[in-house]
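On a predicted model such as this, the values are computed, not experimentally measured, just so you know. Throughout, a chain's letter reflects where its sequence line sits, starting with A, and its residues are numbered from 1.
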2 protein chains.
Amino acid sequence: MKDREAKKIPDREALPPAWEEKLRSGKVKVTPNRRRVLGRFLDADAPWTLKSLHRALNEGEACELSSVYRALSAFRTAGLLEEFRLPGKRETYYSLLRPSAGRRGQGKSSGHDHHHHHIVCQDCGTVSHLDVCVPTALLGRVEDASGFRVTEHHLEFKGLCGACR
Amino acid sequence: MKDREAKKIPDREALPPAWEEKLRSGKVKVTPNRRRVLGRFLDADAPWTLKSLHRALNEGEACELSSVYRALSAFRTAGLLEEFRLPGKRETYYSLLRPSAGRRGQGKSSGHDHHHHHIVCQDCGTVSHLDVCVPTALLGRVEDASGFRVTEHHLEFKGLCGACR
DNA sequence: GATGCAAATGCAAGCTACTTGCATCTAGGA
DNA sequence: TCCTAGATGCAAGTAGCTTGCATTTGCATC
């Protein structure tokens, strides 16, 4: 948690080219606000809520809640973010959909399909990412049992984090 | 879906004794309102939202939204209901936690622990129950990867139902 | 470099889905 | 039957978005 050198980027003037490209190809205009929003996701690979993001951004220059909201919607439409909800929490969470680059290509490589799942500490509320996913066999059983064709799944865990145990 | 004989109970005067017992042991007073609320869950083994339940109840005698809300909270505290949220939906859903009776006892038999998971049709919005669950092996991997002790999990699927395909 | 327009922004108002306070009523034990 | 903790109805309050509108701005084009 120490900030070495110029590591603690307050607000970026530019995003990594890959991401700027992604925005443009998603027909999302690149503005200072949006750079700052996306920059937060790139800095902290954690789930953000509309409000937590708004608070974090306004430690710097002010930025309207509704603009953050619209940025999130735009990013989601463009396939850069996924949205999810947690049992017992009221807010909607967002997290970055990184392209499934270095993974052993076990899915269709459709560009960005590396979603992930989450675990929440029932004591302190910390939310962490998980790299595990639903086994294919289970998906098959779900389709058989329900008659649905499954297109998406969300898996949330609740428990006690290392610190709270 | 046909209603045979007196199968279509409008509002019950009494709940199955097992459930009345459960309420009492959970320190929940049994009132006409609460019988009607719980009755709906017993009649239709589907997820309800506060509002859908309120609407359903008020086809009969009126019953305040806030009372339904408080009944749901009480039932949840008593361990009769579980609450969950679905991605893309705003409301909180509730479903009955039936005691894990006839199952091959693969969990600790703690009274009621037969939770289940859900699949939502992305077209028509229908929500169905699923009888599949997260494999124990996956839970182990989650604990190892995160350092958390897992106490709960929720698994939601999205897809196309038989009718919408 | 100047221009035009679709899209983004700020501000304010509106909406949905709860959630709570309070006076009154009632289930259920004494 | 009586008492009291807890349930109810009604109304007001709150959180978390969501939208409308006038203004500004990114960026493709000239």
Write down the distance between [atom1] ([X]) and [atom2] ([N]), rounded to a whole number of angstrom.
X	N	atom1	atom2	answer
A:Leu38	C:dA8	CG	P	14 Å
B:Leu72	D:dA7	CG	P	13 Å
A:Glu64	D:dC17	CD	C1'	13 Å
B:Tyr93	C:dT16	OH	P	16 Å
A:Arg24	D:dG26	CZ	P	11 Å
B:Arg36	D:dA7	CZ	P	17 Å
B:His54	D:dC10	NE2	P	10 Å
A:Leu23	D:dG26	CG	P	14 Å

Q. Are there more than 12 heavy atoms of other residues, nucleotides or ligands under 6.0 Å from atom CZ of A:Arg149?
A.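 No - once you tally the heavy atoms of other residues, nucleotides and ligands closer than 6.0 Å, there are 12 at most.
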
Each nucleotide N or O in nucleotides 2-6 of chain C that has a protein N or O under 3.5 Å away: list the pair and distance.
from  : atom 1 : to      : atom 2 : distance (Å)
C:dA6 : N3     : A:Lys29 : NZ     : 3.3

Examine distances only and state if a side-chain atom of A:Ser52 and a backbone atom of A:Trp48 form a donor-acceptor pair shorter than 3.5 Å.
->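 Pair absent, no side-chain N/O of A:Ser52 close to backbone of A:Trp48.
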
Got a donor-acceptor contact below 3.5 angstrom from the B:Asn58 side chain to the B:Cys63 backbone?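 Judged by distance alone, yes, a pair lies under 3.5 Å.
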
Self-check item: Partner set under ring pair (Phe, Tyr, Trp, His ring centres under 6.0 Å) for A:Tyr93, not counting sequence neighbours
Solution: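 A:Tyr93 satisfies ring pair (Phe, Tyr, Trp, His ring centres under 6.0 Å) with A:Phe84 only.
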
task = Please name all residues satisfying ring pair (Phe, Tyr, Trp, His ring centres under 6.0 Å) with A:His153, sequence neighbours left out, ordered by chain then number.
result =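 A:His153 satisfies ring pair (Phe, Tyr, Trp, His ring centres under 6.0 Å) with A:His115, A:His117 once adjacent residues are dropped.
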
Could you check whether A:Glu20 pairs with A:Arg35 (Lys NZ or Arg NE/NH1/NH2 to Asp/Glu carboxylate O, under 4.0 Å)?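 Salt bridge: yes.
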
* Asked: From B:Ser67 OG over to B:Tyr69 OH, what is the distance, rounded to the nearest 0.5 angstrom?
  ->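 Rounded to the nearest 0.5 Å, the OG-OH separation comes out at 12.5 Å.
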
Check whether any side-chain nitrogen or oxygen of A:Asn33 sits under 4.0 Å from OP1 or OP2 of D:dT25, and answer yes or no.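 For A:Asn33, the contact criterion (side-chain N or O under 4.0 Å from OP1 or OP2 of D:dT25) is not met.
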
Next on the checklist: Whether B:Ser67 contacts D:dA7 is assessed here as follows: a side-chain N or O lying under 4.0 Å from the phosphate OP1 or OP2. Is that the case?
Outcome noted: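 For D:dA7, neither OP1 nor OP2 has a side-chain N or O of B:Ser67 closer than 4.0 Å.
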
Five-pair end axes of the helix from C:dG1-D:dC30 to C:dA30-D:dT1, angle between them (10°):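 The end axes of the helix from C:dG1-D:dC30 to C:dA30-D:dT1 are about 40° apart, to the nearest 10°.
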
Counting primed atoms, P, OP1 and OP2 as sugar-phosphate and everything else as base, the B/S/- map of nucleotides 17-24 of chain C against protein heavy atoms under 4.0 Å is SSSBBB--

Can you tell if the side chain of B:Arg34 reaches within under 4.5 Å of the side chain of B:Val28, non-hydrogen atoms only?
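Heavy-atom side-chain distance check passes, below 4.5 Å.
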
Q: Flag the pair A:Arg24 / A:Val30 as yes when at least one side-chain heavy-atom distance between them is below 4.5 Å, and no otherwise.
A: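 With C-beta onward as the side chain, the pair touches.
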
Q | By salt bridge (charged side-chain N to carboxylate O under 4.0 Å, His left out) - contacts of A:Arg76 (at least two apart) | A |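 Result, salt bridge (charged side-chain N to carboxylate O under 4.0 Å, His left out) vs A:Arg76: A:Glu83.
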
- Query: Would B:Lys22 and B:Leu80 satisfy side chain to side chain contact (heavy atoms under 4.5 Å, CB included), going step by step from the backbone distance to the final call?
  - Reply: CA-CA 8 Å; B:Lys22 239 177 243 232; B:Leu80 275 73; 4.2 Å; yes

